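See below for the structure under consideration.
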Amino acid sequence: MTIQLTERQELIIKIVQDQGPITGEEIADLIGLTRATLRPDLALLTKSGLLEARPKVGYYYTGKSLSSKLSEEIKKLKVKDFKAIPAVVSDKSSVYDVIVALFVQDVGTIYIVSEGGILEGVVSRKDLLKIALGQVDIHKIPITVVMTRMPNIISTTPEESLLAAAQKLINHEIDSLPVVRPVTVEGRERLEVIGRVTKTTITKAFVELGADKLIQRGERP
Ligand code: ADP
């Protein structure tokens, strides 16, 4: 990504690269302008991460491009700060029940859970379309017959980076990832569904990034 810098900003960077650390006053003198005139330029260059200002020392060049700074910030974003409420149905449901739930909950993918919200399966729109196209009674077919089941489910965790979760969506060509936490049920390691990350989640994060809100959110403890 390239950000268009003005000629003056380019000149400031060149001066800091050659002579930094250097104070704002000194840069202003070299360019023949006042410190006040340069203030917005210096503010932008430090905010973007290209320059860093150290009190009593002056400005120095970080060597970081705007895009590497942006990528650093994106990597800090966690699934836990963006995940949505999961859309789940019981593993006792019929195919018909799940089709209804898909419409009522207005989602494209539903997670199938057993008692205690334990992840058993995933069902997508196309899984349901495929079975509904056959000559079968969808009221009688248990959803467990149709779902993609454990242990073949790709999931994410609250502490995983949103970028890693997005990469899983791309790599596995799926629309949604359950957010899970490990639990022990009757001595067995299981996964409890506590959220979801979908392509919409990633799109929302992207829009926030464009609106310049994301960086603050990423810095939240
Ligand atoms: P659609 O099938 O409606 O295009 P997806 O691309 O998300 O939706 O699903 C493709 C296939 O992958 C479906 O058979 C679905 O059951 C399965 N699937 C969806 N999400 C996951 C997941 N998180 N882990 C494993 N399989 C999944």
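Counting starts at 1 for both ligands and their atoms, following the listed order. Note that this is a predicted model, so its numbers are computed, not measured. Heavy atoms only: backbone and side chains are in, while hydrogens, waters and symmetry mates are out.
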Hey, can you pull the donor-acceptor pairs under 3.5 Å for the side chains in residues 25-35, sequence neighbours left out?
residue: E26; atom: OE1; partner: T23; partner atom: N; Å: 2.9
residue: E26; atom: OE1; partner: T23; partner atom: OG1; Å: 3.2
residue: T34; atom: OG1; partner: T37; partner atom: N; Å: 3.1
residue: T34; atom: OG1; partner: T37; partner atom: OG1; Å: 2.5
residue: R35; atom: NH2; partner: Y59; partner atom: OH; Å: 3.4

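- Within 4.0 Å of ligand 1, counting heavy atoms only, the contacting residues are V122, S124, R125, K126, D127, T148, N152, I153, I154, E173, I174, D175, S176, P178.
- Using a 4.5 Å heavy-atom cutoff, the side chains of L45 and I12 are in contact.
- With respect to the salt-bridge test (charged N to carboxylate O, under 4.0 angstrom), the residues K75 and E72 do not qualify.
- Nearest heavy-atom pair across I112 and D91 is CG2-CA, 3.4 Å.
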Enumerate donor-acceptor pairs with a distance under 3.5 Å from any side-chain N or O in residues 146-160 to protein atoms, sequence neighbours excluded.
residue: R149; atom: NH2; partner: T144; partner atom: O; Å: 2.6
residue: T156; atom: OG1; partner: E160; partner atom: OE1; Å: 2.5
residue: E159; atom: OE2; partner: K80; partner atom: NZ; Å: 2.9
residue: E160; atom: OE1; partner: K168; partner atom: NZ; Å: 3.0
residue: E160; atom: OE2; partner: K168; partner atom: NZ; Å: 3.2

Just list the side-chain donor-acceptor pairs under 3.5 Å for residues 118-134, sequence neighbours left out, or say none.
residue: E120; atom: OE1; partner: R190; partner atom: NH2; Å: 3.2
residue: E120; atom: OE2; partner: S114; partner atom: OG; Å: 2.5
residue: E120; atom: OE2; partner: R190; partner atom: NH2; Å: 2.8
residue: S124; atom: OG; partner: K126; partner atom: N; Å: 3.4
residue: S124; atom: OG; partner: D127; partner atom: N; Å: 3.3
residue: S124; atom: OG; partner: D127; partner atom: OD2; Å: 3.2
residue: D127; atom: OD2; partner: S124; partner atom: N; Å: 2.9

